[in-house]
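So the structure is just underneath, and the comments pick up after that.
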Amino acid sequence: DVKVTQSSRYLVKRTGEKVFLECVQDMDHENMFWYRQDPGLGLRLIYFSYDVKMKEKGDIPEGYSVSREKKERFSLILESASTNQTSMYLCASSRQGAEDIQYFGAGTRLSVL
Amino acid sequence: QQPVQSPQAVILREGEDAVINCSSSKALYSVHWYRQKHGEAPVFLMILLKGGEQKGHEKISASFNEKKQQSSLYLTASQLSYSGTYFCGTELSGNQFYFGTGTSLTVIP
């Protein structure tokens with residue numbers, strides 16, 4: 001069974017804290033993605049990575065950074081969390097092509113107080 | 001570039017049919033459909049490639065009209081298990097991929 005695991009289901013942080021969201025996949029996929037899910041806005045891409053140490057900005061990268069030191073792990077970093085970053089965060093992975101199926105983690109619901 | 005889905009939300013009784021539309025302003029190479037049940041990860045349903053094909057998955061099927069840059073998902077004789085949020089994903093040129101705004105589907109007894 002393919003698996004994408006996000007380290008936390010729920011997180012509560014305070015404004016200004018540095019936040020790390022971790023994602024691990026066991027499928028040897030080249031591509032990994034971080035999305036943000038908000039009601040009425042669907043899934044919006046924050047960053048994606050097509051290889052170790054490679055990253056590309058998505059549609060809403062402001063306030064976020066990412067790290068991919070190993071193929072199986074992709075981290076999303078909120079340098080200084082703000083209340084407007086309260087959201088559901090979803091990680092996904094896929095093989096190399098844009099047409100390839102994306103496999104998602106269960107999500108991390110982040111609340112910034 | 002994010003595709004727009006309609007309707008935003010729909011409530012059905014068991015056994016009724018529904019259509020979810022996905023519309024893009026850009027030329028599409030392929031369209032994916034995913035379903036996310038409440039509290040769970042989105043799961044892939046099907047992919048439609050350029051060529052106007054129609055695909056089916058149990059009682060769920062989809063069409064892709066590349067000239068109109070649209071795809072539609074058809075759910076027939078809906079079951080309680082169909083409840084969830086449906087997302088289309090559109091592949092554009094240059095390896096770009098965008099998920100849609102989502103459609104919440106609720107099936108009631």
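Order of the sequence lines fixes the chain letters, A, B, ..., with proteins taken first and strands second; residue numbering starts at 1 for each chain.
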Atom NZ of B/K37 with >12 non-hydrogen neighbours under 6.0 angstrom: yes
Just how far is it from atom CG of A/L90 to atom CZ of B/F99, taken to the nearest 0.5 Å? 9.5 Å
Euclidean distance, A/F33 CZ relative to B/F97 CZ, rounded to 0.5 Å: 8.0 Å
Tell me whether B/L45 shares a hydrophobic cluster with B/I20, the cluster being built from Ile, Leu, Val, Met, Phe, Trp, Tyr side chains joined at under 4.5 Å. yes
Ring centroids only, cut at 6.0 angstrom: are A/F104 and B/Y34 within range, meaning strictly under it? yes
Hydrophobic clustering (ILVMFWY, side-chain heavy atoms < 4.5 Å, transitive) - are A/Y35 and A/L21 grouped together? no
Can you tell me how far NE2 of B/H32 sits from CG of A/D100, rounded to the nearest 0.5 angstrom? 7.5 Å
Please state whether the side chain, the backbone, both or neither of B/Q36 comes within less than 4.5 Å of a heavy atom of chain A. side chain
Only counting residues at least two apart or in another chain, list the ones meeting side-chain hydrogen bond (donor to acceptor under 3.5 Å, both in side chains) with B/T85. none
Heavy-atom closest pair, residues A/G105 and B/P42: O-CD, 4.4 Å
Audit row: B/F87, A/L43, side-chain contact (heavy atoms from CB on, under 4.5 Å) steps and yes/no: CA-CA 8 Å; B/F87 294 101; A/L43 298 173; 4.0 Å; yes
Does CD in B/E40 sit with more than 12 non-hydrogen atoms of other residues, nucleotides or ligands closer than 6.0 Å? yes
So which of A/Q37, A/R109, A/R44, A/M88 has the biggest tally of heavy-atom pairs under 4.5 Å with chain B? A/Q37
More than 12 heavy atoms of other groups within 6.0 Å of A/I60 CD1: yes
Under 4.5 Å between side-chain heavy atoms, hopping through other hydrophobics if needed: is there a path connecting B/L75 to B/L80? yes
Using heavy-atom distances under 4.5 Å, tell me whether A/L41 contacts chain B through its side chain, its backbone, both, or neither. backbone
Answer with side chain, backbone, both or neither: which region of A/D38 has an atom nearer than 4.5 Å to a non-hydrogen atom of chain B? neither
